[in-house]
Amino acid sequence: MKIKEHKIDSDHVSIDEIDKTSGSFEEGLPDTIVIHYTAGPSVSSAVNTFKDPSVEASAHVVIDHDGSITQLIPFNKIGWHAGESSWLDRTDLNNYSIGIEIVNAGRLEKTGSVWRSWFGKTYSEDDVLRAVHRNEEEESWWHVYTEKQITATHDLCRNIMNAYNIKHILGHEEIAPGRKSDPGPAFPLDKLRNRLLHSNRKDQGEDDADKKTGVVTASALNIRSGPSSSTSTIAKPLSKNTKVSILKEQNGWYNVEVKLRGWVFKEYIHNTE
Ligand SMILES: [Zn+2]
């Protein structure tokens with residue numbers, strides 16, 4: 001993947017240019033990437049919405065479940081993905097940022113033994129994650145992202161960073177808290193930006209603990225949504241010798257990342273780094 005004349009140059013990327021922009025970025029911009037979920041069922045529903053002239057929304061790219069990318073707006077043009085937003089001393093983040101939309105249903109409701117999106121599609125246990133949103137206190141159910149989507153997002157961000165002077169990678173939920181919940185806790189946003197923006201790690205609220213790793217020493221270790229045994233488990237227990245990345249420590253618990261992120265009792269983690 002390469003970026004040529006503000007468009008992704010790759011056989012695996014389709015370019016489907018739309019005219020919903022506010023013109024070119026100012027000199028030195030964009031310097032920010034904003035990550036979103038589409039809150040929809042498919043790439044076609046997202047692209048059709050962005051193409052609809054009656055909808056005042058657009059984004060630079062959409063990433064499908066299989067990791068394939070559709071680019072709608074060249075990266076030097078201002079899109080309409082952030083809406084009313086603020087970050088540090090800035091407002092209206094559209095004027096600073098590239099918008100990446102990932103096809104994902106967002107928050108799900110549990111009904112009986114299935115989970116349902118706002119648009120009526122149902123999901124099985126493998127498709128859901130129970131977690132507390134960074135802007136909330138109660139747990140919700142979230143549609144999981146595919147590994148291919150996460151890898152494609154990482155690769156795309158890295159390529160965008162090679163072409164532009166990117167300083168911030170943010171979630172829509174961080175620039176419009178209360179109004180927006182995307183990309184939500186199922187997306188590894190902190191990990192993504194820590195990997196891509198090392199020098200900004202402290203600004204992003206993560207301390208150096210996020211470099212540590214460990215292995216599980218208990219035969220079965222509950223992984224929970226919060227740092228307390230009164231919070232619910234979010235997946236099957238981790239088995240002995242599972243490798244984890246340790247992101248944070250709080251009250252004797254580690255926040256770890258395996259394929260998902262949750263809290264385990266730290267006594268049962270042996271630090272390996
Ligand atoms: Zn959004």
Side-chain angles (χ1 to χ4, degrees), residues 16 18 20-22 25 29-65 67-75 77-88 90-109 117-119 121 129 131-136 140-146 149-150 152-154 156-157 160 166-193 196 204:
D16 194 351
I18 59 174
K20 288 159 74 177
T21 96
S22 309
F25 286 108
L29 298 172
D31 67 0
T32 301
I33 295 171
V34 178
I35 309 285
H36 304 259
Y37 59 51
T38 60
S42 63
V43 70
S44 58
S45 68
V47 169
N48 288 340
T49 301
F50 291 137
K51 284 181 143 181
D52 182 342
S54 71
V55 179
E56 287 205 343
S58 62
H60 294 84
V61 295
V62 183
I63 301 181
D64 202 358
H65 293 121
S68 63
I69 297 174
T70 305
Q71 182 168 6
L72 302 169
I73 302 177
F75 295 126
K77 301 268 185 178
I78 296 169
W80 304 337
H81 54 96
E84 196 182 326
S85 51
S86 62
W87 183 253
L88 304 176
R90 292 171 168 178
T91 56
D92 197 355
L93 272 285
N94 280 333
N95 294 329
Y96 304 91
S97 64
I98 289 168
I100 297 178
E101 293 274 353
I102 310 172
V103 179
N104 178 278
R107 198 191 306 261
L108 304 174
E109 292 296 329
S117 64
W118 71 271
F119 47 87
K121 196 172 170 197
L129 174 74
V132 182
H133 192 281
R134 71 172 77 233
N135 299 340
E136 300 172 9
S140 304
W141 295 100
W142 302 89
H143 184 204
V144 297
Y145 293 84
T146 66
Q149 284 179 315
I150 292 166
T153 306
H154 181 275
L156 177 60
C157 286
I160 290 171
I166 299 296
K167 296 179 184 136
H168 309 284
I169 299 174
L170 300 169
H172 202 187
E173 67 202 24
E174 295 173 298
I175 60 169
R179 193 172 70 81
K180 291 290 174 182
S181 307
D182 57 320
F187 187 80
L189 181 61
D190 294 317
K191 185 176 173 186
L192 177 88
R193 66 182 157 211
L196 293 168
Q204 314 287 356

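Indexing begins at 1, ligand by ligand and atom by atom, following the structure's order.
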Checking one value in my table: which N/O/S atom of [X] lies closest to the Zn ion (ligand 1)?
| X | answer |
| --- | --- |
| His36 | ND1 |
| Asp182 | OD2 |
| His172 | ND1 |

inquiry  = Check this for me: Glu84, atom CD, are more than 12 non-hydrogen atoms of other residues, nucleotides or ligands nearer than 6.0 Å?
reply    = no

* Kindly say whether Asn94 contributes a backbone atom to a donor-acceptor pair with the side chain of His81 at under 3.5 angstrom? => no

Rounded to the nearest 0.5 Å, the OG atom of Ser85 sits from the CD atom of Glu174 at a distance of 12.5 Å

Next item on the list: Give the ring-plane orientation class for Trp142 versus His133, where under 30° counts as parallel, over 60° as perpendicular and anything between as tilted.
Entry: tilted

